[in-house]
Amino acid sequence: MLMKSRWLRLLAVLLALTVFAVSCGNDDDDGPGVTAGTPAPAAEEPEDEAPAEEAPAEEAPAEEAPAEAPAEEPEDEPVVTIQESEEVDEEEMGGVPTGSTGYISGEILTTDCSDGRPTGGTLTIGMFGEIVGWDPTLIQGGASLGGTQMIAIYGALFYEDFATGQLIPGLAESITTEDNEVFTLTLREGINFNDGTPLDVDAFIWNVEHHQNPDIGSQSRAQADLIASWEKIDDYTVVLTATSRNAVFPQIFASRMAWMMSPTTYQAGQDPDSGLNADVNIGAVNAGAGPFILDSWVQDDQAVVVRNPNYFREGCPYLDSVVFKPIIEPPQRYNAFNAGDLDIGYDRNPQNLQDAIASGVNTTSRIDNHGGYWMLNNQKEPFNVRACRVAAAHAIDYETVNEVVYDGLNNMVRSLMRPGSPWTDPEAVLPGYDVAAAEAALDECEAELGGPLEFETYCTTSPENVLLAETLISMWEAVGISASANCVEVGEMVGAVFGGEAVANPWAIPVGDPDYMYDVYFGDSTEDGVCGPNLSSRNWAKACYPEFDASLKVGREGVTFEERYEGYSRFQREFVHQVPVLVLNKPEIGYYWSDEVSGVFQTDAGIILLEFTAKG
């Protein structure tokens, strides 16, 4: 407590004197490398993982006992079959949601929307930020970066169940495999895009090729490139061969490869030189086959989608229209909800979510693996030097950050995976607050740099993010690290990250299955710090280390839990050694909604399936 009080006083003085060189607003003009992982603990059943409604876990994941083991895996590779139920007993599954329920069984997605709940009306939802456009190649996939809007207008081949992680059919009927390398995907018959053309195998193949085309610059190219080849069987059946054995291959069709776009609409406005269609990005009216159609979009103000009368699922959607409003400031978003201007709010702010729960507001939330972090560019000075990254990590008093920035409500656990996750290696502990370790690493860092550790970090103009940047800077300065902050609008910062210009910046990735980290940390590397030509397009930290690649490959290709855990244990240990980014917290992420709203169903990625949402 004495140490925290000292930090609080220091911060107060520093803030009062405006020591920080923070530019808030636009300017005018995440020992040796480890080669073997920890033996796998017994895998948890999904329901044993920390439910969203429970209080945040204590910061001691290494001391937690592993969960009970599941049934033994068969000796042969399993036959994986994901397909729609032929018949669903609505009494058993609870029918279509009729109350303000944060989670409904995934079986609901195989029924229609004819339970007698109100139809019509307009729902207004406040989002974390603005969507960058309506072309699926530009979207990252999560709820905070456009996933809810994408599913609204494009639908999805599959959905990933929030509680179980299982895939549930959407625009596709099934995906099956006998060896986790060759997969048979079957689409639903009779579904058309809004331009009247069929969503068939030809359209599916066009979408895959579109994402794989390097000239398009798709944010989902890494997922599309997992498809090595395909064979059309008939108009609605295609056999896909993966680049390697991959236990989680089907999941790409519930995330970045879920959204099918009409080839006809896209090609009609395609630029002959660039191959891009700018009109789709600003007005994808006829490009989708989802429950809603884009009606209008005023960037940074609101987007309106209206009911698709030809949507394949009978009775869906309930709503006539949905208004998406980007509200970056958490207090402003929560105040708008409390004032009745929003029906649903998406939030990552722990104060808002905890206040909503305490006030009896309808909420649903979750805590992800990995979580929020300060990204470091591992290819640029000073953070191309490992010791510099280690020094910055040990200089942070994480509990004081929690008190100063988050009122003590965030989860500052020092592990890459969240508490309760079966993937957590209890021996892979992230660097904690240690002034002596920070100073020793700083000496090594500056000796290698040939000068002081100095850098500028990006941050956003959100008051919370500015305060976080200022807090970190004060802690770095306390051990002799000189840093300044350039706080800009989110879009400008994202552009700097994607362009490789940023040295340091705030970021967050919601990780469920750890295979997600393959896309974020695969570097095609032959030696530490050297990125290869097949670097993942989403490895924005340019964290290129051979052990990262090898361990993530083991995790991806493993069939049993034990095989996959071996890979991800190795990865976590190397991550702790390399410190490629500064993992800060694992925020609670979720939604709150009014009593008029029912059927709030979110996928594993936190995306709301608005076709099942009603108001009234």
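- Judged purely by distance below 3.5 Å, without hydrogens or angles, the side chains of Tyr318 and Asp115 pair a donor atom with an acceptor atom.
- Between the side chain of Asn352 and the main chain of Pro330, a donor-acceptor pair closer than 3.5 Å is present.
- In terms of heavy-atom proximity, Val306 sits nearest to Asp295 at CG1-CB, 3.8 Å.
- Residues Asp301 and Lys325 are paired through a salt bridge, judged by an N-O separation under 4.0 Å between the basic side chain and the carboxylate.
- Taking every heavy atom of both residues into account, Gly170 and Tyr159 meet most closely at CA-CE1, 3.8 Å.
- Listed by chain and number, the residues in a ring pair (Phe, Tyr, Trp, His ring centres under 6.0 Å) with Tyr518 are Phe522 (sequence neighbours excluded).
- Across every non-hydrogen atom of Pro587 and Gly371, the tightest pair is CD-CA, 4.3 Å.
- Under a 4.0 Å N-O distance rule, the pair Glu611/Arg313 qualifies as a salt bridge.
- Residues Gly288 and Tyr154 share a closest heavy-atom pair of CA-CD2, 3.6 Å.
- For Glu130, the side-chain contact (heavy atoms from CB on, under 4.5 Å) partners are Trp297, Gln299, Asp300, Pro326, not counting sequence neighbours.
- For the pair Arg307 and Phe292, the cation-pi test (distance below 6.0 Å, angle within 45°) is failed.
- Ring-plane geometry between Tyr591 and Tyr346 is classed as tilted, the angle between the planes lying from 30 to 60 degrees on a 0 to 90 degree scale.
- Residues passing the side-chain contact (heavy atoms from CB on, under 4.5 Å) test with Phe312 are Leu171, Arg188, Ile191, sequence neighbours excluded.
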